[in-house]
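Written out below as structure tokens is the structure these notes cover.
The model shown is predicted, which means the values in this text are computed figures rather than measured ones.
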Amino acid sequence: MTDSSVTASPKPLEGGTLWLAALVLAAANFVAVLDTTIANVSVPNIAGGLAVSSSQGTYVITSYAVAEAITVPLTGWLAARLGTVRLFIGSMVLFGLFSLLCGMAGSLETLVLFRVLQGLAGGPLMPMSQTLLLRIFPKEKTGAAIGLWSMTTLIAPIMGPILGGVLCDQVSWPWIFWINVPITMLCGYAGWQLLKSQESLRENIRVDAVGLGLLVVWVAALQIMLDEGKNLDWFNSAEIIALAVTAAIGFAAFLIWELTEKNPVVNLRVFRHRGYWASVLTISLAFGSFFGATVLTPQWLQSYMGYTATEAGHATAMSGILAVLVAPLVAQLSTRVDPRPLVFMGVMWLGGVTLYRSFSTTDMGFWQVALPLLFQGVGMPFFFVPLTGLAMASVEPEEMASAAGLMSFMRTLSGAFATSLVTTAWEDKASYNHADLVGSIDPGGDTLRTLQGSGMSLDAASNQLNQLLQSQSIMLSTNQIFWLTGLSFVVAACAIWLAPRPSRVADTSQAH
């Protein structure tokens, strides 16, 4: 049923009003993407402020990512029911409200709850900002609209670690959330005033409630299992076994239901296209590898290399600088040549740099850490831009919106899963390395006696030796994770050759 009170043919925006509306939409996309990375360098500060371990602190990242991923497939249905402008403005205001509550949280449980709600609200912001930009710009200026949206998508992940580090060091961790509040409220008010004439027709269409429920059940069960596995001793715990069984049964039921439902919440039928599933496999492996290493780096730098949150943010953000500069060239290339070699080279480059980073030492200076991350950025556009085009070129034109939403869902979910796996493996390997090294660090006790001879007490000398042992255990563990991550990139690069050569160039405006 259509609401006839909503304008069907909106009056186009012109001049300054058009660009002001474009800035509002770009700002909304900016804060949504920013919040995927701003917490990365803040995990040690948050963990310390809430008296939890750093591995538990990563729940702040994974809870947001999973909630955002779950909302993405619902965006089309929500836009049809509420109208694109109402959905966009409502999502922005709620995003600001839950950001405020995140900063006010006094416990990890409360913070994770508000991060879930923030992720649910933020999910529609990226696709809706892109949709509305393309709607308000005339056809001849579509390139400018996509360029503006793409620049905010590329710059926000760079700014996230820097801004998060500065806010944590200069003020306190709640400000990484509170900074969203004035931006979202101002953009919400201005956006409604500028865009209400652009509202779409509303339709009373049914949502696949069963499919959505099964999606939430299996994703949540799997993520909680990954997050809590280490703390509960994995499958020696009845709770972990119950979560694993729930996730497995929920996933199987979800597959069966979605493949037989007439209007599924996630259109799994697009996986019948070989080029599409090969592209999704590649992006899931590669993005999971990239995001896992990106989350691990600032934790290692702050906890064991003596970096402040600001310094860790500057180092981590290096990966985005060359990515922004190279992206326009890659966008041109990907429309003219077979995208598969571009993707292969880009992902292999990321893998090569990560393997190089697996030879890190505790004596490294800032630029020895930052320069590999700077050059890593060259590979990012070669991986992401042509891969999106290849995926969209592999499906039917009427399937593009569903395919883009599912691809975004898988990308975000792989990042959340990888974060849990990497942080758990990092601590497990550190414990193993510690036990392995403890017998070889000072077998004859000569170092201990030397330290005591310099005036140290036995306890002080033992503590210093233990700190050295822990530092080397963590360094070994970090290198081992980088090595495994680099190999994962190599596997992802090879996976792209499972896709056939595309027969056409896709319009990627539906992708997000």
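Phe417 is linked by a ring pair (Phe, Tyr, Trp, His ring centres under 6.0 Å) to nothing, counting only residues two or more places apart in sequence or in another chain. Among residues two or more places apart in sequence or in another chain, the ring pair (Phe, Tyr, Trp, His ring centres under 6.0 Å) test is passed with Phe409 by none. Legend: residues meeting ring pair (Phe, Tyr, Trp, His ring centres under 6.0 Å) with Tyr432, ordered by chain and number and at least two apart, are absent. Remark: Phe375 engages no residue in a ring pair (Phe, Tyr, Trp, His ring centres under 6.0 Å) (not counting sequence neighbours). For Asp338, the salt bridge (charged side-chain N to carboxylate O under 4.0 Å, His left out) test picks out Arg340, Arg501, with sequence neighbours left out. Residues forming a side chain to side chain donor-acceptor pair (under 3.5 Å) with Asn45 (at least two apart in sequence, or on another chain): none.
At distances below 3.5 Å, at least one donor-acceptor pair connects side-chain atoms of Thr310 with backbone N or O atoms of Gly165. No donor-acceptor pair closer than 3.5 Å links the side chain of Thr412 to the backbone N or O of Ala65. Looking only at distances, a side-chain donor or acceptor of Thr423 sits under 3.5 Å from a matching main-chain atom of Thr419. Here the side chain of Thr260 pairs a donor or acceptor atom with the backbone of Trp257 at under 3.5 angstrom.
Residue pairs meeting the side-chain hydrogen bond (donor to acceptor under 3.5 Å, both in side chains) criterion with at least one partner in residues 488-498, sequence neighbours excluded, are Ser289-Ser488. Listed by first and then second residue, the salt bridge (charged side-chain N to carboxylate O under 4.0 Å, His left out) pairs involving residues 415-424 amount to none (not counting sequence neighbours). Among residue pairs with one or both ends in residues 266-296, those qualifying as ring-ring contact (aromatic ring centres under 6.0 Å, His included) are Phe271-Tyr276, Phe287-Phe291; sequence neighbours excluded. Among residues at least two apart or in separate chains, salt bridge (charged side-chain N to carboxylate O under 4.0 Å, His left out) pairs with a member in residues 252-272 are Arg206-Glu261, Arg272-Glu399. Residues in residues 345-370 take part in no ring-ring contact (aromatic ring centres under 6.0 Å, His included) pair, two or more places apart or across chains.
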Donor-acceptor contacts under 3.5 Å from residues 115-122 side chains, at least two apart:
from   : atom 1 : to     : atom 2 : distance (Å)
Arg115 : NE     : Val60  : O      : 2.9
Arg115 : NH1    : Asp35  : OD2    : 3.4
Arg115 : NH1    : Gln118 : OE1    : 2.8
Arg115 : NH2    : Asp35  : O      : 3.4
Arg115 : NH2    : Val60  : O      : 3.1
Gln118 : NE2    : Asp35  : OD2    : 3.0
Gln118 : NE2    : Ser99  : OG     : 2.8

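Counting heavy atoms from C-beta outward, Trp483 and Leu487 have side chains that approach closer than 4.5 Å. Side-chain contact between Phe383 and Ile283 is present, with heavy atoms from C-beta onward closer than 4.5 Å. Side-chain contact between Ser360 and Met475 is present, with heavy atoms from C-beta onward closer than 4.5 Å. The shortest side-chain heavy-atom distance between Ser414 and Leu285 does not fall under the 4.5 Å cut-off. For the pair Ile70 and Val219, the minimum side-chain heavy-atom distance is below 4.5 Å. Using a 4.5 Å heavy-atom threshold, the side chains of Thr316 and Thr294 count as touching. Side-chain contact between Leu390 and Ile496: present, with at least one pair of heavy atoms (C-beta onward) separated by less than 4.5 Å. Put simply, the side chain of Val347 does not reach to within 4.5 Å of the side chain of Phe382, judged on heavy atoms.
Residues Leu484 and Lys429 come closest through the heavy atom pair CD1-CE, 3.8 Å.
Under the side-chain contact (heavy atoms from CB on, under 4.5 Å) test applied with Leu214, the options Val217, Val210, Val216 reduce to a single match, Val210.
Side chains of Arg357 and Thr297: a donor-acceptor N/O pair is present below 3.5 angstrom, by distance only.
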